[in-house]
Protein chains: 2
Amino acid sequence: MAATDTSVDWADHALARLASDGYRSSAPRAEIIEVLAGLGCSVSAREITAELQRRGSTTGSASVYRTLELLERLKLVQRVVVSEGLARYEPALPGGDHHHHVVCDRCGKVSAFEDEALEAAINRLSLRLDFAIDAHDVTLRGECPGCRRAD
Amino acid sequence: MAATDTSVDWADHALARLASDGYRSSAPRAEIIEVLAGLGCSVSAREITAELQRRGSTTGSASVYRTLELLERLKLVQRVVVSEGLARYEPALPGGDHHHHVVCDRCGKVSAFEDEALEAAINRLSLRLDFAIDAHDVTLRGECPGCRRAD
DNA sequence: GTGAATGCAAACTCTTTGCATGACT
DNA sequence: AGTCATGCAAAGAGTTTGCATTCAC
């Protein structure tokens with residue numbers, strides 16, 4: 001699929017932002033940004049690297065990771081949690097409590113919460129999607145009380 | 001922290017379920033379940049393995065992974081996605097669209113959706129939590145239209 | 001010319017798998 | 001006794017890091 005108008009906008013925006021923030025404009029960065037814009041939503045570093053190789057680029061995977069880290073720091077890309085990855089588990093009783101998690105960006109502390117309105121919104125939402133939804137994860141991120149006080 | 005009543009209940013329940021499903025009752029499994037019950041919510045395989053070693057157990061990490069897989073299959077533990085792990089990225093424009101993802105359990109297809117009611121619920125929820133929330137991820141899982149038809 | 005950014009390769013972390021040994025039923 | 005489950009160790013996937021080289025400024 002060709003890049004959409006929005007993705008072109010984003011690529012330009014990202015390149016401009018890098019320049020205005022004093023980062024050097026290199027071919028690898030431009031290529032990574034272009035691929036990111038073209039592939040759209042929810043792309044892994046691995047997929048970007050593969051796409052670069054397919055295009056005959058000599059950009060290495062280390063640069064992909066470094067550039068993603070930079071783009072994330074500048075909030076030019078958002079890191080999303082889709083599934084897989086570092087798995088965490090918790091005991092589950094049949095019909096037991098249903099809760100989600102808040103993770104502290106600073107210290108990594110994980111707390112649990114429950115919210116009926118949230119569940120209701122997800123249930124209603126599930127009805128209007130084409131997918132047959134059978135599970136959901138919600139993760140909030142921010143600063144925990146301890147780290148807030150330490151500011 | 002000592003095991004709570006609930007976690008003891010869960011450990012017993014899990015052991016009973018394994019037995020009733022014909023799985024052998026082994027020391028490693030019992031230890032893993034005990035650790036899982038004690039550590040509570042959101043534990044990684046790595047943390048379980050570390051705790052086992054700390055306790056002087058000879059249980060290897062392969063058994064931890066195999067037991068977690070088994071427990072997940074029996075729905076005795078729930079796999080939760082907290083963050084980290086396989087990172088996926090997407091272009092982000094400042095003030096750009098805000099959306100979440102539905103992942104097909106069968107084919108891995110990722111689709112995006114937006115839902116105002118969901119966002120509203122999360123915003124309201126954020127206000128009553130002690131954390132200073134600055135981001136959130138919502139991931140739904142189920143079967144995509146294509147895979148549903150293929151049933 | 002100088003320092004930032006790159007590519008390569010090695011190191012690391014987490015997870016999975018093969019296989020011989022050991023333990024539950 | 002039979003076979004399920006284990007531990008070990010090796011292999012695999014994804015990511016990070018050190019270092020010499022290259023390239024943008």
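So that the names make sense, note that chain A is the first sequence line, chain B the second, and so on, each numbered from 1. Atom set for the values below is all heavy atoms of this structure, side chains included, hydrogens, waters and symmetry mates excluded.
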Can a salt bridge be assigned to the pair [X] and [Y] using a cut-off of 4.0 Å between side-chain N and carboxylate O?
X: B/E34; Y: B/R55; result: yes
X: A/R141; Y: B/D137; result: yes
X: B/R148; Y: B/E143; result: no
X: B/D115; Y: A/R124; result: no
X: A/R66; Y: A/E69; result: no

Sub-4.0 Å heavy-atom contacts from residues 49-65 of chain A onto DNA chain C, ordered by number: A/T58, A/T59, A/G60, A/A62, A/S63
query: When you look at B/E114 and B/H98, which way does the side chain to side chain donor-acceptor pair (under 3.5 Å) test go after all the steps?
result: CA-CA 7 Å; B/E114 291 181 71; B/H98 181 76; over 6 Å; no
message: Strictly below 4.0 Å: does A/S26 bring a side-chain N or O up to OP1 or OP2 of C/dT6?
response: yes
Nucleotide [N], atom [atom2] - distance to [atom1] of [X] in whole Å:
X: A/L15; N: C/dA5; atom1: CG; atom2: C1'; result: 15 Å
X: A/L18; N: C/dT6; atom1: CG; atom2: P; result: 10 Å
X: A/R79; N: D/dT15; atom1: CZ; atom2: P; result: 8 Å
X: A/I48; N: D/dG14; atom1: CD1; atom2: P; result: 13 Å

- prompt: Side chains of A/L76 and A/R17: does their closest heavy-atom pair fall under 4.5 Å?
  reply: yes
query: In Å and rounded to the nearest 0.5 Å, what is the CG to CD distance from B/N123 to B/E116?
result: 11.0 Å
statement: Distance col, row B/I32:CD1 vs B/S26:OG, nearest 0.5 angstrom, shows 7.5 Å
- request: Indicate, with yes or no, if the rings of B/H136 and A/H100 have centres closer together than 6.0 Å.
  value: no
message: When the axes are fitted on five pairs at both termini, how much does the helix from C/dG1-D/dC25 to C/dT25-D/dA1 curve, in 10° steps?
response: 30°
Review item, nucleotides 19-23 of chain D N/O atoms under 3.5 Å of protein N/O:
none

